[in-house]
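All remarks here apply to the structure that follows.
Below, chains carry the letters A, B, ... as their sequence lines are ordered, and counting in each starts from 1.
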Protein chains: 2
Amino acid sequence: MSQGNSDVPVPVEDQACTVRQVLDRVGGKWSIGILVAASKGPVRFTELERSVEGISRRMLTLTLRQLERDGLLVRTVYPTVPPKVEYRATEIALELYDSLVTLTTWAERHRATIAAARESYDREHGLTPVS
Amino acid sequence: MSQGNSDVPVPVEDQACTVRQVLDRVGGKWSIGILVAASKGPVRFTELERSVEGISRRMLTLTLRQLERDGLLVRTVYPTVPPKVEYRATEIALELYDSLVTLTTWAERHRATIAAARESYDREHGLTPVS
DNA sequence: CCGAATCCGCCGTGATACTG
DNA sequence: CAGTATCACGGCGGATTCGG
């Protein structure tokens, strides 16, 4: 009722923008890692802190909030004595993760190619050595 | 010949990292737009400047260099009187764009859902109104 | 026409410490 | 256990200007 614009598909020229929307959403440094961890079932805050290696408490909280806001994660609080909070991936998050696999596949396929391209490029334009 | 490590697939636990590699590569604010424009055939610098709306010369050059370095774009210089440079998407870039369509589809499907989730979230945690 | 160089503001990110 | 608050830093990205 509130929105009825789901029938105005974006023209091809603006697909880039649409992709950017997604990238802006999951493009955070930690979003993917959290999504992956949460996709395997409900997970607690501290578990994530350990699971997603290298993340700080601050960024964990921030990313969690963002993902929750976008409806990619569900936050469940158990008002027990030691507070317990569980995060669970939603349906669309699982679908997203599924989509991400396509990108992973691409990266896998061309990993070596890209690495070679970089080396090649760096050799040529490799910053006139010394000076 | 120089590389033979394409047979060391990344374990599932590190897929997130792999995805991040891709995201870091095409996650730039303008990469997608440029890639989209270049996918339709060779394009000149000035054309891109107009085509990719809102981009500055600096970022166009920077992004172009990065994409060229990763072997996603090919730069061709025509030493004519008014310098002419053309950029062309490579095979893997086209494949990547193809992969990106998957994400686009996801975004399209859940655009409304996510928007609703945000509104809902903002209403609840929407900063205790007034006070 | 194509691009490099410089200056600068913004914000994502990390470290640390405090609360319920 | 599960956050929140504050400070500081680094790099991305924009505007502008100069060079080939």
Side-chain angles (χ1 to χ4, degrees), chain A residues 16-17 20-21 23-34 37-38 42-70 73-88 121 124-128 131, chain B residues 16-17 20-21 23-34 37-38 42-70 73-88 121 124-128 131:
Chain A
C17 294
R20 273 242 107 269
Q21 310 290 325
L23 257 33
D24 284 342
R25 178 145 22 245
V26 300
K29 193 177 179 180
W30 308 103
S31 301
I32 306 289
I34 294 178
V43 64
R44 302 186 54 176
F45 187 88
T46 319
E47 284 188 273
L48 284 171
E49 204 171 0
R50 282 189 299 264
S51 170
V52 183
E53 209 129 355
I55 195 172
S56 66
R57 229 169 223 182
R58 169 188 161 83
M59 289 319 294
L60 180 56
T61 302
L62 256 49
T63 310
L64 246 22
R65 287 287 173 278
Q66 188 200 324
L67 293 175
E68 186 196 357
R69 187 169 105 105
D70 288 343
L73 245 42
V74 174
R75 180 170 178 267
T76 312
V77 181
Y78 298 90
T80 57
V81 181
K84 176 180 175 180
V85 180
E86 273 184 355
Y87 293 91
R88 184 172 54 79
Y121 184 94
E124 291 185 54
H125 316 71
L127 290 317
T128 42
S131 74
Chain B
C17 295
R20 275 244 105 266
Q21 310 290 326
L23 257 34
D24 284 342
R25 178 146 22 247
V26 301
K29 193 176 179 183
W30 308 104
S31 302
I32 306 289
I34 293 178
V43 64
R44 300 187 56 179
F45 187 87
T46 319
E47 284 188 274
L48 283 170
E49 204 170 0
R50 283 189 298 264
S51 170
V52 184
E53 209 129 354
I55 194 172
S56 66
R57 228 171 221 181
R58 170 189 158 83
M59 289 319 294
L60 179 55
T61 301
L62 255 48
T63 310
L64 245 21
R65 286 289 170 277
Q66 188 200 324
L67 293 176
E68 186 196 356
R69 186 169 107 104
D70 288 344
L73 246 41
V74 174
R75 180 173 177 264
T76 312
V77 182
Y78 298 90
T80 57
V81 181
K84 176 179 174 182
V85 180
E86 274 185 355
Y87 294 91
R88 184 171 55 78
Y121 183 93
E124 289 184 56
H125 316 70
L127 292 316
T128 41
S131 75

Would you list the protein and nucleotides 2-4 of chain D atom pairs, both N or O, that sit under 3.5 Å from each other?
from, atom 1, to, atom 2, distance (Å)
dA2(D), OP1, Arg44(A), NE, 3.0
dA2(D), OP1, Arg44(A), NH2, 2.9
dA2(D), OP1, Val85(A), N, 3.3
dA2(D), OP2, Thr46(A), N, 3.0
dA2(D), OP2, Thr46(A), OG1, 2.2
dG3(D), OP1, Arg65(A), NH2, 3.3
dG3(D), OP1, Arg75(A), NE, 3.3
dG3(D), OP1, Arg75(A), NH2, 2.5
dG3(D), OP2, Tyr87(A), OH, 2.7
dG3(D), O6, Arg57(A), NH1, 3.2

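Following rounding to the nearest Å, Lys29(A) (NZ) and dC9(D) (C1') show an atom-to-atom distance of 13 Å. Following rounding to the nearest Å, Arg20(B) (CZ) and dG12(C) (P) show an atom-to-atom distance of 13 Å. As a whole-Å value, the separation of Glu53(B) CD from dG14(D) C1' is 16 Å. Across the protein-nucleic acid pair, Tyr78(B) atom OH and dG20(D) atom P stand 25 Å apart, rounded to whole Å. The interatomic distance linking Met59(B) (CE) with dT16(D) (P) rounds to 16 Å, in whole Å. Whole-Å rounding puts the Gln66(A) CD to dG12(C) P distance at 9 Å. When the P atom of dT13(C) is taken as reference, atom CD1 of Ile34(A) falls 11 Å away, rounded to whole Å. Taking atom CH2 of residue Trp30(A) and atom P of nucleotide dC11(C), one finds them 21 Å apart after rounding to whole Å.
Every side chain to side chain contact (heavy atoms under 4.5 Å, CB included) that Val85(A) has, sequence neighbours left out, goes to Arg75(A), Val77(A), Tyr87(A).
In terms of modelled atom types and a separation under 3.5 Å, the side chain of Arg20(B) and the main chain of Gly33(A) share no donor-acceptor contact.
No side-chain heavy atom of Val43(B) sits less than 4.5 Å from a side-chain heavy atom of Ile34(B). Proximity of Arg65(B) to Leu62(B): side-chain heavy atoms (C-beta onward) are nowhere separated by under 4.5 Å.
Along DNA chain C, the nucleotide closest to Ile55(A) and the one closest to Leu62(B) are compared, and the more 5′ of them pairs with Leu62(B).
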Going by atom type alone, with no hydrogens or angles, which donor-acceptor pairs under 3.5 Å involve a side-chain atom of residues 49-59 of chain B and a protein atom two or more places apart or on another chain?
from, atom 1, to, atom 2, distance (Å)
Glu49(B), OE2, Arg57(B), NE, 3.3
Ser56(B), OG, Met59(B), N, 3.3

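Of all non-hydrogen atoms in Pro42(A) and Glu86(A), the two that sit nearest each other are CB-OE1, 3.6 Å.
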